[in-house]
Trainee: 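Structure provided below as structure tokens; questions to follow.
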Amino acid sequence: MNVFNKDLLTDTQQNAVKQVPAAPLFYDATTQYGTKPDVEIGLREDHMTPFQKAFRKYNPWFIARNYFDTLGTDNSDLDPTPRPIFDERPGERDYAKLNDPVTADANRYGKLITLVDVTEAKAPAGRSMEINGNPSVGTNPNRNKQHGFHFTADNCIGCHACEAACSEKNDNPAHLAFRSVGYVEGGSYPDFKRMNISMACNHCDNPVCMKGCPTKAYTKHAEYGAVLQDPETCFGCGYCTWVCPYNAPQLDPIQGRVSKCNMCVDRLEVGLKPACVSACLGNALNFGVIENTPENREQIKTSIPGFPDPSITRPNIRFQQTKTLPNEMSRTDSMPVKYHKQDDGTFRSVVDEKMGKSTHWNLPRLSSRENPLVIFTLFTQAALGAFMLTYLGALLGIESLVNVTESVIYLPLLAVMTGLQAIGLLLSTMHLGKPMRFYRGFNNLRYSPVSREALGVALFFAGIAAFTGLEFVSAGLAYFDIAAPALTHIIPSIQTGLAFSAMLSGLVGLYWMYRSYRIPARPFWNHKQVFFSFFGTLFSLGGLVVAVLAVPTFLLTSVAESSLNQLVQITAGLAALGLLTEGLGLILHAKYLNTESGEGAAAHYVQQTTFGKTYVLRNALIAASALVLASVSLFFAGSATGLVLLTLAIPAVFAALLIGRCLFYILVIPTTMPGAFFWKNKGFEEHARDVGLANMPQVGVVPACHH
């Protein structure tokens, strides 16, 4: 790889700039040539001032975190002697060696290829990467330039030698593969064609895995532009596997952590190409400074059939594919997606109706490994909504809600809110691959919506827990008739501060919870319906939690009838409003997906077929419950009929929201790379678990668990 096509680069650069849309949400990919970089390049310490470094040294949070990180570790038997960066074999052939005598200055997106010139903290060009503790520095003159893979699809024979070489070098178990080979096929006999695709991490200009990771386990290095991930820092949330369009980060459910392709930087430091490139039998893989065209190649395209939209991350991989392909290429795995040729010769993903049009219930399949997140999101929204309703209602002087705060149910209601949030946090923490490392989730507040969500929800829980604790203290003082004027005067003021800080942090956490799911690599989620759903549930579940506890209490005590009627009217009305909000979001979502193509539309197809009857049931329950609750609020709040209707609606609402949230996690189809008939095929993995093949480690399928 030693030349770059200036004319082609100019043309593709102009086209790329025209085609790249505005950056979605926190994935800020709009940085242009010569301006501040959109990602941190280099280690965290590179971007810290001397004051920040000194402050961190004595910061109690960092001291405590570092102490917890050392618990359970034993490094006493580690040999501190530096090892060779990489053990070179004698007689390495030229095809395995880096060779880029001529390079471009910028890539097609206008980003500098020489990365030391775009880092916020000027990194020295000759800095050691400390590979294997060795301080040596590679002699490659292009060491600080962005490198990338080049894949010639016409040459790939699907032998999987690249896969094997990668797994052997990284000592991967059978169920993990940093590089994998899938394929798409199309046509009919005798003109039937298959195109193989070999894919690993693309070490992108805009690495969304790095921005999304809450633990800051990822670093984009100025050396080779490699995006490296530290499995020891990772706590196994798997969010990077959600946001990556190429299925590059691999979550190991046995080890409970993520790992991925490291660009073989140890080989690069000694002048060798990555192991997968050196092992390629068909000369399909190549590697070098990005935008260079390899010898005997004529194309450096950014996409081929089956490759996700490159504008999401601006990946550092280029393609050549010159052979004519059929107008439609299908996947051999179970994903209901195929690729249709457009007028300009490129392919776009469309729905492949593999399962037919028949509808099913599939209720057992509503359960998934994301069940803890189902409970966490629902319980968080319920607790926040109930707390805001009771506190703000009483603060505004609404009679029924003032009576709630003065009744015997108030303390149990606060305890239920706190308990719901505690259970949600516990389940979300246990969902991690390494739950004891939960505190690392606040490491990346600068970029990660997950870190911001975690901080907001944690502060909300701390606020309502402290508020509830002080309420119990006040109740205890009154019950035992203890005179403590200092406490009785200061507690209300403290509670006011706690209440407002809890509500504010809870709303902030809920907003970032919504933002966490606006993922371009998961089109089914990347819609405003998520906002309608999460904030609609805030009203519906929040109102019904208050109703479930307070309405029976009012019926059994001497509370004024007008207060009871008002409470029924308010809680039923809020629940109806929340359901109408969610229903509106679902209507807009379905309308959008019916006119879209690709993975989002494919998920909607699965929703209408594989889970078609469950989907209709969820929609019917939401519509009927919203109608019933609105009728109760408007017409029947002061009658026995209203109480009966409210009683019937409550379990229907809970069932609808539970089914809807389960479908939310199950249906999403990522913009991942095509798999093979067996390997990287979700359908085969389910079959292997059902029939027992998964019990054989060599099959490469493990139980569907986190750890």
Trainee: Does the side chain of Thr468 pick up a donor-acceptor pair with the side chain of Thr418 at under 3.5 Å?
Mentor: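 Thr418 and Thr468 do have a side-chain donor-acceptor pair below 3.5 Å.
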Trainee: Scan side-chain atoms only and decide if Ser448 and Tyr239 contain a donor-acceptor pair under the 3.5 Å cut-off.
Mentor: no
Trainee: Quick one: closest heavy-atom pair of Leu579 and Ala626, and the distance?
Mentor: CD1-N, 3.7 Å
Trainee: Test side-chain contact (heavy atoms from CB on, under 4.5 Å) on Val457 and Phe461 and set out the steps.
Mentor: CA-CA 6 Å; Val457 174; Phe461 173 67; 5.5 Å; no
Trainee: Which pair of heavy atoms, one from Arg440 and one from Cys234, lies closest together, and at what distance?
Mentor: NH1-O, 4.0 Å
Trainee: Do other residues, nucleotides or ligands put more than 12 heavy atoms under 6.0 Å from Phe654 CZ?
Mentor: yes
Trainee: Given the rule in the side-chain contact (heavy atoms from CB on, under 4.5 Å) test, do Leu366 and Leu663 qualify, once you have shown the distances and angles that lead to the verdict?
Mentor: CA-CA 7 Å; Leu366 289 177; Leu663 287 173; 3.7 Å; yes
Trainee: Can you see which heavy atom on Glu582 is nearest to which on Ser533, and at what distance?
Mentor: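 Closest approach of Glu582 to Ser533: OE2-OG, 3.4 Å.
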Trainee: Taking the side chain as every heavy atom from C-beta outward, state whether Gln607 and Phe524 have any pair of such atoms under 4.5 Å apart.
Mentor: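 Result yes, sub-4.5 Å side-chain heavy-atom pair found.
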Trainee: Got a donor-acceptor contact below 3.5 angstrom from the Asn444 side chain to the Cys213 backbone?
Mentor: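 Side chain of Asn444 to backbone of Cys213, a donor-acceptor pair under 3.5 Å: yes, one is there.
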Trainee: Do other residues, nucleotides or ligands put more than 12 heavy atoms under 6.0 Å from Leu588 CG?
Mentor: yes
Trainee: Go through the steps for Ile464 and Leu414 under the test side-chain contact (heavy atoms from CB on, under 4.5 Å), then give the verdict.
Mentor: CA-CA 8 Å; Ile464 63 168; Leu414 287 176; over 6 Å; no
Trainee: Tell me if a side-chain donor or acceptor on Gln229 pairs with a main-chain N or O of Pro249 at a distance below 3.5 Å.
Mentor: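 Judged by distance alone, no pair lies under 3.5 Å.
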Trainee: Evaluate side-chain contact (heavy atoms from CB on, under 4.5 Å) for Leu646 paired with Leu629, printing each intermediate quantity in order.
Mentor: CA-CA 7 Å; Leu646 178 63; Leu629 290 170; 3.7 Å; yes
Trainee: What I'd like to find out is whether the side chain of Arg618 reaches to under 4.5 Å of the side chain of Leu586, using heavy atoms alone.
Mentor: yes
Trainee: Could you measure the distance from the CZ atom of Arg257 to the NZ atom of Lys434? Nearest 0.5 Å is fine.
Mentor: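 If I round to the nearest 0.5 Å, the distance is 6.0 Å.
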Trainee: Measure across Gly542 and Leu389 and return the closest heavy-atom pair with its distance rounded to 0.1 Å.
Mentor: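 Minimum heavy-atom separation between Gly542 and Leu389: O-CD2, 4.4 Å.
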Trainee: Is there side-chain contact between Ser562 and Glu399, with heavy atoms separated by less than 4.5 Å?
Mentor: yes
Trainee: Quick one: pull up CG in Leu648 and OG in Ser625 and give me the separation to the nearest 0.5 Å.
Mentor: 10.0 Å
Trainee: Using the side-chain hydrogen bond (donor to acceptor under 3.5 Å, both in side chains) rule, pick out the option among Lys220, Arg314, Lys211 that qualifies with Asn206.
Mentor: Lys211
Trainee: Which heavy-atom pair separates Gly424 from Phe379 by the least distance, and what is that distance?
Mentor: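 It is N-CD2, 4.3 Å.
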Trainee: Nearest 0.5 Å, please: how far is OG1 in Thr215 from CG in Leu432?
Mentor: 10.0 Å
Trainee: Any side-chain heavy atom of Arg661 within less than 4.5 Å of one from Phe534?
Mentor: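 They are in side-chain contact.
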Trainee: Going from CZ on Phe387 to CE on Met417, what distance comes out if it is rounded to the nearest 0.5 angstrom?
Mentor: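 One finds 7.0 Å between CZ of Phe387 and CE of Met417.
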Trainee: With under 30° as parallel and over 60° as perpendicular, where do the rings of Trp525 and Tyr665 fit, or are they tilted in between?
Mentor: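 Rings of Trp525 and Tyr665: perpendicular, as their planes differ by over 60°.
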Trainee: On the 0 to 90° scale, with breaks at 30° and 60°, tag the Tyr391-Phe500 ring pair as parallel, tilted or perpendicular.
Mentor: perpendicular
Trainee: Would you compute the distance between atom SG of Cys240 and atom CE of Met210 and round it to the nearest 0.5 angstrom?
Mentor: 12.5 Å
Trainee: Using a 4.5 Å cut-off on heavy atoms from C-beta on, say whether the side chain of His604 contacts that of Tyr615.
Mentor: yes
Trainee: May I ask you to decide if Ala560's main-chain N or O and Ser563's side chain share a donor-acceptor pair within less than 3.5 Å?
Mentor: no
Trainee: Atom OG1 of Thr405 and atom CG of Leu411: how far apart are they, to the nearest 0.5 Å?
Mentor: 10.5 Å
Trainee: Are Thr671 and Asp309 packed together at the side-chain level, in the sense that at least one heavy-atom pair is separated by less than 4.5 angstrom?
Mentor: no
Trainee: Can you list everything that forms a side chain to side chain contact (heavy atoms under 4.5 Å, CB included) with Leu549? Sequence neighbours excluded, please.
Mentor: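 Side chain to side chain contact (heavy atoms under 4.5 Å, CB included) check on Leu549 returns Ile409, Leu413, Val416.
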Trainee: Using side-chain heavy atoms (C-beta onward) and a distance below 4.5 Å, is Phe531 in contact with Arg518?
Mentor: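 Counting from C-beta outward, Phe531 and Arg518 never come under 4.5 Å.
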Trainee: If you draw a 6.0 Å radius around CZ in Phe438, do more than 12 non-hydrogen atoms from other residues or ligands fall strictly inside?
Mentor: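 For Phe438, atom CZ is not crowded (no more than 12 foreign heavy atoms under 6.0 Å).
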Trainee: Counting distance only, does the side-chain N/O of Gln529 pair as donor-acceptor with the main-chain N or O of Gly585 below 3.5 Å?
Mentor: no
Trainee: Is the shortest side-chain heavy-atom distance between Phe376 and Met513 below 4.5 Å?
Mentor: yes
Trainee: Show me the donor-acceptor pairs, under 3.5 Å and distance only, between side chains in residues 501-510 and residues at least two apart or in other chains.
Mentor:
unit_1 : atom_1 : unit_2 : atom_2 : d
Ser501 : OG     : Gly497 : O      : 3.0
Ser501 : OG     : Leu498 : O      : 2.9
Ser505 : OG     : Phe460 : N      : 3.3
Ser505 : OG     : Ser501 : O      : 2.8
Ser505 : OG     : Ala502 : O      : 3.1

Trainee: Whether the side chain of Ser633 engages the backbone of Ala630 through a donor-acceptor N/O pair (distance < 3.5 Å, no angle test) should be reported.
Mentor: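 Not a single qualifying donor-acceptor pair exists.
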Trainee: Which heavy atom of Val243 sits nearest to which heavy atom of Ala521, and what is that distance?
Mentor: O-CB, 3.3 Å
Trainee: So, Arg522 side chain and Pro245 main chain: donor-acceptor pair closer than 3.5 Å or not?
Mentor: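 No; zero donor-acceptor contacts below 3.5 Å.
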